[in-house]
Amino acid sequence: METLPGTTVGIKVDGGVVLAAEKRVAYQLYLMSKSGKKVYLILDKMGLASAGLMADMQTLARIIEAEMRLYELDSGISPKVQTVAKTLSYILYERRLFPYYAEILVGGIDEEGSHLYTLDPIGAIIEDNYSALGSGTQLAISIIEAEYKPDMKVEDAKTLAIKALYAAMKRDASSGDGVDVLVISKDKTYEQTYSVGDIEKMFSK
């Protein structure tokens, strides 16, 4: 399968998880939009980020959020991060002959701690401390691997995620136009958007 357009990264630390993605929506050589959203909060302490075709990303985000809301209602308990990832894996595998064109990161916090899972378009699932997906993977992962530390603070992980995406945006034609970040920590969960200008100021020193 060809490399899917766009770049998304996830970083897990002891205190939480950071999911981030750039905002460009590209199809082959065409720039379709500069304001795509590829990071989604699906539960209070869980989210997903993706690279690929926008329609498939949005569809998968809606499906998994609905499934997990039903899980909460039926069981009376909040699902674990692994439950979210496993359910999404089954959904992807069901469509393996006509797959969704999306690579997914699932991250969040539950009673067992913080978790980050990577899923490919047909449902293979891997848990890791950090990951990068999409056409800018090689550029982004080189930055994360050089600077990642398991004991780093959540805010430092956020800065590292943005730095990794910035590297991809400078060299990958399918990545650009700003960054959306979802930060999930024990104390709070929040989303934040950075323009290209904001990012350049962060790393111009």
Please name the pair of heavy atoms, one in A20 and one in V179, separated by the smallest distance, quoted to 0.1 Å.
-> CB-CG1, 4.3 Å

Is D180 paired with K23 through a side-chain N to carboxylate O contact shorter than 4.0 Å?
-> yes

Between the side chain of D120 and the main-chain N/O of G123, is any donor-acceptor distance below 3.5 Å?
-> yes

Step by step, would you call I122 with L92 a side chain to side chain contact (heavy atoms under 4.5 Å, CB included)?
-> CA-CA 5 Å; I122 57 173; L92 292 167; 5.8 Å; no

Answer yes or no: are there more than 12 heavy-atom neighbours, outside Y30 itself, under 6.0 Å from its atom OH?
-> no

Does a donor on one side chain and an acceptor on the other come within less than 3.5 Å for K158 and Y194?
-> yes

So, the side chain of T87 versus the backbone of T83: is there a donor-acceptor pair under 3.5 Å, distance only?
-> yes

Distance col, row F203:CZ vs E200:CD, nearest 0.5 angstrom, shows 11.0 Å

When clusters are formed from ILVMFWY side-chain contacts under 4.5 Å, directly or step by step, what else is grouped with L116?
-> V17, L19, V39, L41, L105, I109, L133, L182, I184

Hydrophobic cluster membership, I64 vs Y100, 4.5 Å side-chain cutoff = yes

What is the distance from atom NZ of K188 to atom CG of D44, rounded to the nearest 0.5 Å?
-> 16.0 Å

Ionic contact status for K34 with E22, cut-off 4.0 Å | no

Closest non-hydrogen contact found for P79 with L43 is CG-CD1, 3.5 Å

For the residue pair K12 and S114, what are the closest heavy atoms and their distance?
-> CD-O, 3.2 Å

Check whether the side chains of D198 and S195 place a donor and an acceptor atom closer than 3.5 Å, and report yes or no.
-> yes

Main-chain N/O of D110 paired with K80 side-chain donor or acceptor, under 3.5 Å | no

Ring-face cation contact, F98 with R95, 6.0 Å cut, 45° max | no

Does a donor on one side chain sit under 3.5 Å from an acceptor on the other, for S50 and T8?
-> no

T59 side-chain N/O to A55 backbone N/O, donor-acceptor pair under 3.5 Å = yes

Output yes when D177 and R24 qualify as a salt bridge under the 4.0 Å nitrogen-oxygen rule, no when they do not.
-> yes

D14 versus D151, closest heavy-atom pair with distance | OD2-CA, 4.3 Å

Residues G134 and A51: closest non-hydrogen pair is CA-CB, 3.8 Å

Does the side chain of E127 come under 3.5 Å of the side chain of H115 through a donor N or O and an acceptor N or O?
-> yes

What are the two closest heavy atoms between S175 and A168, and how far apart are they?
-> CB-O, 4.3 Å

